[in-house]
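Single-structure report; data block below.
Hydrogens, waters and symmetry mates are skipped; everything else that's a heavy atom, side chains included, is used.
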Amino acid sequence: MDEAGADYIHIDVMDGHFVPNLTIGPVVVESIRKVSKKIFDVHLMIAPVDPFIEGFAKAGADIITFHPEAGPHPHRTVQLIKSFGKKAGISLNPATPIDVLDYLLPEIDLVLVMTVNPGFGGQKFIPLLDKIRTIRERIGNCGRAIDLEVDGGINAETAPEVIRNGADVLVAGTAIFKEKDYREAIQRLLN
Ligand code: ZN
């Protein structure tokens with residue numbers, strides 16, 4: 001993926017509790033850190049989240065993104081991520097309201113809009129285009145450089161729709177991994 005031209009390496013961390021699947025921990029992040037200098041965009045779908053921030057920060061994450069439902073104090077979690085010199089992101093599930101961002105936008109570096117319910121790859125895109133557009137407007141009003149990332153069901157058909165509505169970072173799993181030629185699949189999305 002590094003050689004094939006990905007800008008970020010997005011790493012989905014699931015705990016079998018906050019989401020119904022179990023994936024990888026800091027040890028694996030540390031291992032893949034050795035083979036890529038790309039930005040590691042670590043998406044934590046775990047609860048509680050605070051006890052694991054240090055581990056992922058030290059394993060080599062560049063951006064640490066969490067779900068506000070993962071703990072009672074999202075602002076404190078942002079502060080904790082930043083205390084390790086990392087960028088902080090907030091991820092919104094399809095049913096999570098945008099208002100949760102109100103007092104966090106001045107502090108964060110990335111908003112991740114989930115366009116599937118988190119837990120599995122290969123799910124069908126939920127067209128939350130109004131939500132993406134509204135968040136883009138709020139980021140504009142805030143005046144800070146905040147990535148607007150979309151995760152879930154992104155492929156060559158859905159990418160133009162989310163970009164038109166203000167997304168500037170796209171997460172693609174199945175759309176890349178199912179292809180034989182990763183470079184061509186990434187290039188198709190970039191185009
Ligand atoms: Zn993700």
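- Residue K82 places its NZ atom among more than 12 non-hydrogen atoms of other residues, nucleotides or ligands, all under 6.0 Å distant.
- Under the 4.5 Å side-chain contact rule for hydrophobic residues, V113 and I90 share a cluster.
- Taking all atoms of both residues into account, the shortest heavy-atom contact from S36 to D2 is OG-OD2, 2.6 Å.
- Residues Y8 and F56 do not share a hydrophobic cluster, clusters being chains of Ile/Leu/Val/Met/Phe/Trp/Tyr side chains in contact below 4.5 Å.
- A heavy-atom distance below 4.5 Å is not found between the side chains of K38 and M1.
- N93 contributes no side-chain N or O that, together with a main-chain N or O of P118, makes up a donor-acceptor pair within less than 3.5 Å.
- Side-chain contact check for K87 versus L110: every heavy-atom pair is 4.5 Å or farther apart.
- Side-chain contact between R33 and D62 is present, with at least one heavy-atom pair separated by less than 4.5 Å.
- Closest non-hydrogen pair, A185 versus A175, comes out as CB-O, 3.9 Å.
- Just one residue in the list I24, T65, L44, V28 forms a side chain to side chain contact (heavy atoms under 4.5 Å, CB included) with I11, and that residue is I24.
- Aromatic ring pairs are classed by plane angle as parallel below 30°, tilted from 30° to 60° and perpendicular above 60°; the pair F177 and Y182 is perpendicular.
- In terms of heavy atoms, D12 sits closest to T23 at O-OG1, 2.8 Å.
- Note that CD of E107 and CD of Q79 are 7.0 Å apart. Values are rounded to the nearest 0.5 Å.
- When each of V171, I154, L170, D168 is tested with E149 by the rule side chain to side chain contact (heavy atoms under 4.5 Å, CB included), just one qualifies, namely V171.
- C142 contributes atom SG, which lies 12.5 Å from atom CD1 of I135 (distance to the nearest 0.5 angstrom).
- The OG1 atom of T115 sits 10.5 Å away from the CD atom of E161 when rounded to the nearest 0.5 Å.
- Between I98 and K131, some side-chain heavy-atom pair lies under the 4.5 Å cut-off.
- Within a 6.0 Å sphere centred on CD of E3, heavy atoms belonging to other residues, nucleotides or ligands number 12 at most.
- Placement of V111 and V42 within a single hydrophobic cluster is found when ILVMFWY residues are connected by side-chain heavy-atom separations under 4.5 Å, directly or transitively.
- Both I146 and I132 are part of a single hydrophobic cluster, where members link through side-chain heavy atoms under 4.5 Å apart.
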Stepwise side chain to side chain contact (heavy atoms under 4.5 Å, CB included) test for F66 and V78: CA-CA 9 Å; F66 68 99; V78 170; 3.8 Å; yes

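- Across all their heavy atoms, M14 and I46 have their closest contact at C-CG2, 4.2 Å.
- Between atom OG1 of residue T158 and atom CD1 of residue I163 there is a gap of 9.0 Å, rounded to the nearest 0.5 Å.
- By the rule that hydrophobic residues join a cluster once side-chain heavy atoms approach within less than 4.5 Å of another member, V13 and I32 end up as members of one cluster.
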Evaluation steps, side chain to side chain donor-acceptor pair (under 3.5 Å), between H43 and D41: CA-CA 6 Å; H43 177 194; D41 172 25; over 6 Å; no

Verdict with reasoning, V162 to F125, per side chain to side chain contact (heavy atoms under 4.5 Å, CB included): CA-CA 11 Å; V162 299; F125 177 74; 3.6 Å; yes

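- Heavy atoms from other residues, nucleotides or ligands lying under 6.0 Å from CZ of F52 number 12 at most.
- Screening L128, L112, L101 against L92 for a side chain to side chain contact (heavy atoms under 4.5 Å, CB included) leaves a single residue, L101.
- Across all non-hydrogen atoms, the minimal contact from I126 to V116 is CD1-CA, 3.8 Å.
- The NE2 atom of H73 lies 8.5 Å from the OG1 atom of T77; values are rounded to the nearest 0.5 Å.
- The nearest pair of heavy atoms linking I9 to A6 is CD1-CB, 4.4 Å.
- In this structure, I63 and I39 have side chains that are in contact, with non-hydrogen atoms separated by less than 4.5 Å.
- Taking the side chain as every heavy atom from C-beta outward, I64 and V49 never approach each other to under 4.5 Å.
- Taking 4.5 Å as the limit, every side-chain heavy atom of R144 sits out of range of all side-chain heavy atoms of L105.
- How far CG of D147 is from CG of D109: 8.0 Å, rounded to the nearest 0.5 Å.
- No side-chain heavy atom of V169 sits under 4.5 Å from any side-chain heavy atom of D7.
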